Amino acid sequence: MAHYHPYLWPTNPPAFRDALATYLTEMTKLARRLLGFMAADIGDEDEELVDAFTGKRQSMAMHYYPSCPCPDKVLGITPHTDGLGLTLLLHLDDTPGLQIKKDGRWYPVLPLPGAYLVNVGDILDVLTNGAYRSVEHRVIPDARRGRTTVVFVEEGTVGGMVAPLPGLLKEQEPRYRSIELDEYVKGILKAIPEGIRFVDTLKV
Ligand SMILES: O=C(O)CCC(=O)C(=O)O
Ligand SMILES: [Fe+2]
């Protein structure tokens with residue numbers, strides 16, 4: 001809990017911070033379960049993937065995208081892959097807007113009532129040695145309706161390193177070189193304005 005900073009959130013309405021704390025607890029449990037499924041899927045029997053995320057930094061954001069009369073002229077969020085580990089996205093309404101890129105084309109990802117959108121970030125890509133690929137996405141505003149989302153993000157490392165899980169490297173060649181988390185974050189911040197994906201520079 002060293003990174004827990006509830007004072008950053010508004011005090012009005014009065015129940016807001018408590019509700020967020022409960023939400024964070026439940027999201028942490030959901031993330032653990034999802035990572036357990038992913039670990040089983042990639043043959044990570046010791047659940048190194050779950051350990052990589054346990055007790056690590058988490059963050060949350062709430063996005064509001066106002067409607068825009070010229071949606072083809074602006075972007076809600078520019079194209080990117082999530083730089084950190086695992087993103088869980090909740091739609092608070094049924095306004096469309098999120099798109100993912102596949103084979104050079106953009107495809108809409110429509111909100112489903114009661115469903116979370118699980119977005120693989122670059123660190124999860126590295127930890128799983130490329131088994132789970134991070135996905136490029138963007139947000140387009142809607143012409144008539146606003147859109148609100150809640151984003152929960154977790155970071156993962158192997159002993160402070162952004163690196164393929166050691167257990168996987170017993171039978172696979174590393175697809176990424178290892179780097180300390182601090183250096184990784186500095187790398188991302190430098191790469192964004194240059195329009196490059198830092199994780200691409202780690203590929204071997
Ligand atoms: O609000 C959304 O639909 C996407 C947000 C997003 O891509 C992000 O926060 O990284
Ligand atoms: Fe994103």
Side-chain angles (χ1 to χ4, degrees), residues 3 5 8-10 16 19-20 23-24 26-28 30-31 34-35 38 53 56-68 70-128 130 132-157 162 176 181 184-202:
H3 302 294
H5 301 309
L8 295 172
W9 293 103
F16 188 68
L20 270 185
Y23 188 75
L24 195 59
E26 294 304 318
M27 294 306 284
T28 304
L30 176 61
L34 287 169
L35 290 162
M38 290 181 204
F53 284 86
K56 302 292 166 57
R57 198 155 45 182
Q58 301 169 315
S59 50
M60 278 178 56
M62 294 177 194
H63 296 301
Y64 176 65
Y65 306 89
S67 64
C68 174
C70 307
D72 51 338
K73 294 205 171 67
V74 290
L75 285 169
I77 289 193
T78 53
H80 66 283
T81 55
D82 291 351
L84 300 177
L86 178 68
T87 304
L88 303 178
L89 183 124
L90 178 67
H91 285 97
L92 293 194
D93 47 50
D94 60 1
T95 310
L98 183 65
Q99 299 183 334
I100 58 163
K101 199 173 200 178
K102 187 169 186 294
D103 303 328
R105 282 187 52 191
W106 289 104
Y107 294 89
V109 183
L110 300 176
L112 280 178
Y116 275 91
L117 193 128
V118 180
N119 204 344
V120 173
D122 294 333
I123 289 185
L124 189 54
D125 193 328
V126 174
L127 289 167
T128 63
Y132 280 80
R133 311 309 300 272
S134 56
V135 178
E136 192 176 357
H137 54 281
R138 68 179 186 182
V139 176
I140 303 290
D142 190 79
R144 292 184 314 279
R145 291 177 293 165
R147 176 171 179 269
T148 304
T149 57
V150 180
V151 179
F152 168 84
V153 181
E154 285 207 335
E155 262 171 35
T157 62
V162 176
Y176 295 99
L181 180 66
Y184 175 84
V185 173
K186 274 188 218 155
I188 293 187
L189 296 176
K190 190 163 168 289
I192 290 172
E194 294 168 8
I196 50 174
R197 283 178 69 221
F198 183 66
V199 72
D200 285 340
T201 69
L202 301 176

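When a ligand or atom number is given, it counts from 1 through the structure's own listing order. Since we're looking at a predicted model, the values are computed, not measured.
- For atom 6 (C) of ligand 1, the nearest non-hydrogen atom of the protein is I77 CD1, 3.6 Å.
- The proximity of D82 to ligand 1, defined as any non-hydrogen pair under 4.0 Å, is limited to the side chain.
- For the residue pair D93/H91, the side-chain donor-acceptor check at 3.5 Å is not satisfied.
- For H137, the N, O or S atom closest to the Fe ion (ligand 2) goes by the atom name NE2.
- Short contacts between ligand 1 and T149, defined as distances under 4.0 Å to a heavy atom of the residue, involve ligand atoms 1 (O), 2 (C), 3 (O).
- Ligand 1 has at least one atom lying under 4.0 Å from a heavy atom of H80.
- Protein heavy atom at the shortest distance from atom 9 (O) of ligand 1 is H63 NE2, 2.9 Å.
- Of all the heavy atoms of L89, the ones lying under 4.0 Å from any atom of ligand 1 belong exclusively to the side chain.
- For atom 1 (O) of ligand 1, the closest non-hydrogen atom on the protein side is Y65 OH, 2.5 Å.
- Near H137, meaning under 4.0 Å from one of its heavy atoms, ligand 1 places the atoms 7 (O).
- Scanning both residues, R147 and L98, for their nearest heavy atoms gives NH2-CB, 3.7 Å.
- Taking a cut-off of under 4.0 Å to the non-hydrogen atoms of V139, the atoms of ligand 1 that pass are 2 (C), 3 (O), 4 (C).
- Near R147, with a cut-off below 4.0 Å to any heavy atom, the atoms of ligand 1 are 1 (O), 2 (C), 3 (O).
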